[in-house]
Novice: 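Sharing a structure here in structure tokens format.
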Amino acid sequence: MTAMVKAEGVHKSYGAAHILKGIDLEVAPREVFCLVGPSGSGKSTFLRCINHLEQINAGRLYVDGDLVGYRQKGDKLYELKDSEVAAQRRDIGMVFQRFNLFPHMTAIENVMEAPVMVKGESKAVARERAARLLDRVGLGDKGGNYPTQLSGGQQQRVAIARALAMEPKLMLFDEPTSALDPELVGDVLDVMRDLADSGMTMIVVTHEMGFAREVGDNLVFMDGGVVVESGHPRDVLGNPQHDRTKAFLSKVL
């Protein structure tokens, strides 16, 4: 079976700052893969490399067997054109810490926008799917509301529906609950649980250890740009082997 995501020796630097120092990992189809670790450990940077929002400096990244951002001829890599990178991104949904909704559009218009503009779908088809997706995330009655009329948790659920509207084969979540008030976190995690139950492949950068333990199939602890420890979430969280993992978990659990 082809891995949905495969990283081979991935490095990323910003000038002298070496952020990712040789990441090797695989994410299987239908897997919920959780990335945890302190701020600045490279988790979000790695996530952004998967859909080529950031270019890697060395190594290889594959999504569903295809090299991300590049084409290989012989031993050389050639960067894809912007249009080819955009085509790859269509299959990868991403949900950010900040909801990044279009403020001048209603919830349903936000969800419709990409299928209409990117895929050329008719507005009628896109609207019908958008209504269905808003219903799925528990916001069927909020389609006509603008982002400013929604709570943070509701905005994040609209953002998830918007990512799902492109019918991606992979969903990336970059700390989707970290900007939310505590009482709003549960509704967003419930939507993510439902997605996991439906078989969506998900990579989740999170500080929600309960979610990782309950829903995750695999967990990686990153620190200093490297994978320190990995395994089943219950094993890593319940019985960490590495001193650095133990120190981190003693502060967050």
Novice: Heavy-atom count around Asp82 CG within 6.0 Å, excluding the residue itself: above 12?
Specialist: no
Novice: Could you tell me if the side chain of Met222 sits less than 4.5 Å from the side chain of Leu20, heavy atoms only?
Specialist: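 Answer yes - side chains close enough.
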Novice: Does Lys12 make a cation-pi contact with Tyr14, if we ask for NZ or CZ under 6.0 Å from the ring centre and within 45° of the axis?
Specialist: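 Cation-pi check for Lys12 and Tyr14: passes.
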Novice: Is it true that a side-chain atom of Arg48 and a backbone atom of Glu54 form a donor plus acceptor pair closer than 3.5 Å?
Specialist: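 Judged by distance alone, no pair lies under 3.5 Å.
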Novice: Taking all non-hydrogen atoms of both residues, which atom of Asp223 and which atom of Ser41 are closest, and how far apart?
Specialist: CA-CB, 3.6 Å
Novice: Is the backbone N or O of Phe33 less than 3.5 Å from a side-chain atom of Asn218, with the two atoms forming a donor-acceptor pair by type?
Specialist: no
Novice: For residues Gly42 and Ile19, report the shortest heavy-atom separation together with the two atoms involved.
Specialist: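 Looking at all heavy atoms of both residues, the shortest contact is CA-CG2, 4.0 Å.
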Novice: Please determine whether residues Val204 and Val228 belong to a single hydrophobic cluster, defined as Ile, Leu, Val, Met, Phe, Trp and Tyr linked transitively by side-chain heavy-atom distances below 4.5 Å.
Specialist: no
Novice: Group every Ile, Leu, Val, Met, Phe, Trp and Tyr by side-chain heavy-atom contacts under 4.5 Å, then state whether Leu25 and Leu219 land in the same group.
Specialist: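 Different clusters.
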Novice: Please report the closest heavy-atom contact between Tyr62 and Val68, naming both atoms and the distance.
Specialist: C-CG2, 4.1 Å
Novice: Check the angle between the aromatic planes of Phe221 and Phe248 and answer parallel, tilted or perpendicular using the 30° and 60° thresholds.
Specialist: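 Phe221 vs Phe248 ring planes: tilted.
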Novice: Residues in salt bridge (charged side-chain N to carboxylate O under 4.0 Å, His left out) with Glu8, at least two apart?
Specialist: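 Partners of Glu8 under the salt bridge (charged side-chain N to carboxylate O under 4.0 Å, His left out) test: Lys6.
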Novice: State the CG-NZ distance between Leu35 and Lys43, to the nearest 0.5 angstrom.
Specialist: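 That separation rounds to 8.0 Å.
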Novice: Just how far is it from atom CD of Gln155 to atom CZ of Arg98, taken to the nearest 0.5 Å?
Specialist: 10.0 Å
Novice: Restricting to non-hydrogen atoms, name the atom on Asp64 and the atom on Lys169 that form the minimum distance, rounded to 0.1 Å.
Specialist: OD2-NZ, 3.0 Å
Novice: Is it true that Phe173 and Ile92 fall in one hydrophobic cluster, defined by side-chain heavy atoms closer than 4.5 Å?
Specialist: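 No; Ile92 is not reachable from Phe173 via cluster members.
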Novice: Step through the shown structure and confirm whether more than 12 heavy atoms of other residues, nucleotides or ligands are within 6.0 Å of NZ on Lys119.
Specialist: yes
Novice: Considering non-hydrogen atoms only, spot the tightest contact between Asp66 and Gln88 and give its length.
Specialist: CB-NE2, 4.5 Å
Novice: Under a single-linkage definition using a 4.5 Å side-chain heavy-atom cutoff for Ile, Leu, Val, Met, Phe, Trp and Tyr, are Met202 and Phe96 assigned to the same hydrophobic cluster?
Specialist: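 Unlinked, Met202 and Phe96 end up in two clusters.
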Novice: Go through the structure and list residues passing ring pair (Phe, Tyr, Trp, His ring centres under 6.0 Å) with His232, not counting sequence neighbours.
Specialist: none
Novice: When you check the gap from the basic side-chain N to the acidic O, do Glu229 and Arg244 get nearer than 4.0 Å?
Specialist: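 Salt bridge between Glu229 and Arg244, a charged N being under 4.0 Å from a carboxylate O: no.
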Novice: Determine whether more than 12 heavy atoms belonging to other residues, nucleotides or ligands lie under 6.0 Å from atom CZ of Arg193.
Specialist: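 Enclosed.
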